[in-house]
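The structure appears right after this line, and notes come after that.
Every heavy atom of this structure was used, including side-chain atoms; hydrogens, water molecules and symmetry mates were not.
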Amino acid sequence: IATNKVKITELEQLYKDRAARLNTELNNLRTKLSSVKTELQLNTKLSSDEKATLDANQKELENRISQLLKELEQYENRFESDRQILQKDNRESEEKIWDLTVNLTKAQDQALQNLKQAFSTKKKILQDAQEARLAALERLGKLIGDKKNVYKKKQLEHNARLESERIRLIEACEKAGCACYGKDAQGDFNLIANNRYACIGSMENVHANNSSFYGCEEESVKYRSKYQSWVNGFSDADIEALRKTSSKTRYDLILKKVTN
């Protein structure tokens, strides 16, 4: 607005200067025209050549005056148009200022609602992703549990076969009257089997420290490759989520601040 006011002042000054020059020239031409007309009307002794010259001067002066009047009118119209454009721009700007001043609280409330909606949408997306991940973990947990049950069943079946073989071996040794080495094999087997079974529960805890041992034994190259392939399949967002030490996301914290 301030810039436009300066432009209007400069425009008005330029118009006044230009109009003053044109009006001065017009006044001079009108004075000359008046003299020519007076000469033609009062001087009765003019020769035909002198009269023709004065008539030509009169016509030339009238044409020039008409041209200057038209030029002055065009310049005035252009000046008025330019000034109205600047004045209109100022009025619109003043209306915007008034609108922003009066409706500032309303605009802030609307902006806040839009922000809350955006964060609510983002929070819903995060919650849906979390629920999907939890469901996947539950399915994985069930799969591991099923495999543990199958393993335990096989262990019990093998243990029964070992027990039967142990009894047969001891009876045969007693009949032959000799010592029976290896009769404790079943105990060694049970110890190894139980260690394998308990190993499942401690796998990820040990692996989280980048230990070369996975659970109860040193992990194989094959498993390391499988694990890296699994991790490499994560998106950047999933990896970032795994690294988080807090359950509060950035969106939760910002949303809480906005709400307060």
Side-chain angles (χ1 to χ4, degrees), residues 1-126 236-237 249-260:
I1 291 175
T3 301
N4 282 346
K5 287 181 177 179
V6 172
K7 289 181 179 179
I8 291 174
T9 300
E10 293 174 348
L11 193 65
E12 289 175 343
Q13 186 60 47
L14 183 63
Y15 167 73
K16 290 178 182 179
D17 294 342
R18 180 72 180 277
R21 290 195 299 270
L22 291 175
N23 284 321
T24 298
E25 187 175 355
L26 277 171
N27 290 334
N28 293 334
L29 292 174
R30 285 168 178 163
T31 300
K32 292 180 181 180
L33 179 60
S34 178
S35 298
V36 171
K37 287 181 177 180
T38 301
E39 184 70 18
L40 286 171
Q41 292 174 0
L42 299 180
N43 194 343
T44 59
K45 298 180 180 181
L46 293 173
S47 64
S48 58
D49 291 340
E50 290 175 337
K51 186 176 184 305
T53 299
L54 289 174
D55 286 338
N57 287 341
Q58 179 180 349
K59 186 175 182 180
E60 182 180 355
L61 289 170
E62 287 175 346
N63 288 339
R64 180 58 181 160
I65 289 172
S66 177
Q67 181 181 355
L68 286 177
L69 287 173
K70 185 177 181 180
E71 184 178 345
L72 181 61
E73 181 182 7
Q74 291 176 347
Y75 184 67
E76 183 177 356
N77 291 337
R78 187 164 61 251
F79 156 73
E80 190 62 32
S81 175
D82 292 343
R83 182 172 64 174
Q84 288 179 2
I85 291 174
L86 292 172
Q87 289 175 339
K88 180 182 178 182
D89 188 36
N90 275 4
R91 287 194 300 270
E92 292 177 351
S93 296
E94 289 170 348
E95 290 175 358
K96 289 180 182 179
I97 290 175
W98 172 256
D99 183 63
L100 289 174
T101 303
V102 173
N103 297 319
L104 178 60
T105 301
K106 181 179 179 181
Q108 288 175 330
D109 291 341
Q110 182 62 47
L112 180 59
Q113 290 301 321
N114 293 340
L115 187 61
K116 286 183 177 180
Q117 183 177 359
F119 277 106
S120 295
T121 302
K122 182 62 178 180
K123 188 175 182 180
K124 179 66 166 57
I125 293 174
L126 291 174
D236 293 340
T249 68
R250 179 177 53 173
Y251 292 98
D252 292 324
L253 299 177
I254 297 178
L255 186 64
K256 182 178 179 181
K257 184 175 181 181
V258 170
T259 303
N260 292 339

Can you name the nearest heavy-atom pair linking Leu26 to Leu72, along with the distance?
CD1-CD2, 4.2 Å
Return the set of residues passing salt bridge (Lys or Arg N to Asp or Glu O under 4.0 Å) with Glu80 (not counting sequence neighbours), or none when no residue passes.
Arg83
Gap separating the CD atom of Gln41 from the CD atom of Glu39, nearest 0.5 angstrom:
10.5 Å
If you measure from CG on Leu100 to NZ on Lys106, what distance do you get to the nearest 0.5 Å?
12.5 Å
Can you tell me how far apart CZ (Arg78) and CG (Leu11) are? Round to the nearest 0.5 Å.
10.0 Å
Applying side-chain contact (heavy atoms from CB on, under 4.5 Å), run through Ile65 and Leu69 and close with a yes or a no.
CA-CA 6 Å; Ile65 289 172; Leu69 287 173; 4.0 Å; yes
Kindly give the heavy-atom pair with the smallest separation between Asn90 and Lys5, and that separation in Å.
ND2-CG, 3.8 Å
Using modelled atom types only, decide if a donor and an acceptor are shared between the side chain of Glu50 and the backbone of Ser47 within a distance under 3.5 Å.
yes
Distance check, rounded to the nearest 0.5 Å: Arg91 atom CZ versus Ile1 atom CD1?
11.5 Å
Carefully, step by step, assess Leu104 and Gln108 under the rule side-chain contact (heavy atoms from CB on, under 4.5 Å).
CA-CA 6 Å; Leu104 178 60; Gln108 288 175 330; 4.0 Å; yes
Do other residues, nucleotides or ligands put more than 12 heavy atoms under 6.0 Å from the CD atom of Glu94?
yes
Return the set of residues passing side chain to side chain donor-acceptor pair (under 3.5 Å) with Asn114 (not counting sequence neighbours), or none when no residue passes.
Gln110
With rounding to the nearest 0.5 Å, note down the distance linking CD in Gln84 to CD1 in Ile8.
10.5 Å
Under 3.5 Å, side chain of Asp99 to main-chain N/O of Glu95, donor-acceptor pair present?
no
Which heavy-atom pair separates Leu86 from Asn4 by the least distance, and what is that distance?
CD2-OD1, 3.6 Å
Taking 4.0 angstrom as the limit, do Asp55 and Lys59 come out as a salt bridge?
no
What are the two closest non-hydrogen atoms of Thr101 and Ile97, and how far apart are they?
OG1-O, 2.7 Å
Check: Leu33 and Lys37 side chains under 4.5 Å, non-hydrogen atoms:
yes
Interatomic spacing from CG in Leu29 to OG1 in Thr24 - rounded to 0.5 Å:
11.0 Å
Quick one about Gln58 and Glu62 (side-chain donor to acceptor, distance below 3.5 Å, no hydrogens or angles considered), yes or no?
yes
Can you run down the ring pair (Phe, Tyr, Trp, His ring centres under 6.0 Å) pairs that involve residues 2-25, sequence neighbours left out, and say none if there aren't any?
Tyr15-Tyr75, Tyr15-Phe79
CA sep, side-chain torsions, deciding dist, call: Glu25, Arg30, salt bridge (charged side-chain N to carboxylate O under 4.0 Å, His left out)
CA-CA 9 Å; Glu25 187 175 355; Arg30 285 168 178 163; over 6 Å; no
Is any side-chain heavy atom of Glu92 less than 4.5 Å from a side-chain heavy atom of Lys88?
yes
Main chain of Ser34, side chain of Thr38: is a donor-acceptor contact present, judged purely on distance under 3.5 Å?
yes
I would like to know whether Gln13 and Asp17 meet side-chain hydrogen bond (donor to acceptor under 3.5 Å, both in side chains); could you show each step before the answer?
CA-CA 6 Å; Gln13 186 60 47; Asp17 294 342; 3.1 Å; yes
